[in-house]
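Here is the structure we will look at, set down as structure tokens.
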Amino acid sequence: MKDNISQADLGQYSWLMQQTADNPWLGFWTCIITVILGVIVFKLGFAQKLPLLKSIIIYTMLVIGCFFLWTMEFAFGAPIMAVLAISALFLGGYRFRLHLHRKQNEQSGSQSSS
């Protein structure tokens, strides 16, 4: 692909397309990163305890959805990976604070009943 497209032509494409022209594996790895970030955001924000078959269906649909998100980043330059990374950070911070709050409530509840 690098031989068929000039540098001037690459200027009109998204950053990911431009980088993939130089390194074809980059597109694959960004797709994998998108799936990993999508799973992390799902687990931190929305996941519930489900039976095995339902979990398999949910995660299969999640991977398919992440592929479409990656396609939007690849074709149009949408900042999907950045948004997923920021979402994972915020949800991780929220879950950590929730854990600390629950731990504090357990300690204060056990001290008041003693």
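This chain uses plain numbering: 1 for the first residue, then up along the sequence.
- Note that OG of Ser55 and CG of Leu62 are 11.5 Å apart. Values are rounded to the nearest 0.5 Å.
- No side-chain heavy atom of Glu73 sits under 4.5 Å from any side-chain heavy atom of Thr30.
- When all heavy atoms of Ala88 and Ile40 are compared, the pair lying nearest together is CB-CG2, 3.9 Å.
- Closest heavy-atom contact between Cys66 and Gly38: SG-CA, 4.0 Å.
- When hydrophobic clusters are built by joining Ile, Leu, Val, Met, Phe, Trp and Tyr residues whose side-chain heavy atoms come closer than 4.5 Å, directly or via intermediates, Met72 is grouped together with Phe28.
- Separating the CD atom in Glu106 from the CZ atom in Arg102 is a distance of 9.0 Å, to the nearest 0.5 Å.
- Atoms NZ and OH, on Lys43 and Tyr59 in that order, are 4.0 Å from each other to the nearest 0.5 Å.
- Interatomic distance, OH of Tyr94 versus CG of Leu44, reported as 11.5 Å (0.5 Å rounding).
- Relative ring orientation between Trp70 and Phe74 is described as parallel, the plane-to-plane angle staying below 30° on a 0-90° scale split at 30° and 60°.
- With sequence neighbours excluded, no residue forms a ring pair (Phe, Tyr, Trp, His ring centres under 6.0 Å) with Phe90.
- Between the CE atom in Met61 and the CZ atom in Phe42 there is a gap of 12.0 Å [rounded to 0.5 Å].
- Once rounded to the nearest 0.5 Å, the distance linking OG of Ser87 with CD1 of Ile80 reads 10.0 Å.
- Residues Ile36 and Leu89 are members of separate hydrophobic clusters, defined by side-chain heavy-atom contacts under 4.5 angstrom among Ile, Leu, Val, Met, Phe, Trp and Tyr.
- Under a hydrophobic-cluster definition in which Ile, Leu, Val, Met, Phe, Trp and Tyr are linked whenever side-chain heavy atoms come within less than 4.5 Å, directly or via other members, Ile32 and Val83 are assigned to different clusters.
- Under a hydrophobic-cluster definition in which Ile, Leu, Val, Met, Phe, Trp and Tyr are linked whenever side-chain heavy atoms come within less than 4.5 Å, directly or via other members, Ile33 and Phe67 are assigned to the same cluster.
- Here the shortest heavy-atom pairing between Leu84 and Thr34 reads CD1-O, 3.8 Å.
- Partners of His99 by side chain to side chain donor-acceptor pair (under 3.5 Å), not counting sequence neighbours: none found.
- A continuous path of ILVMFWY side-chain contacts below 4.5 Å connects Ile58 to Phe46, so both sit in one hydrophobic cluster.
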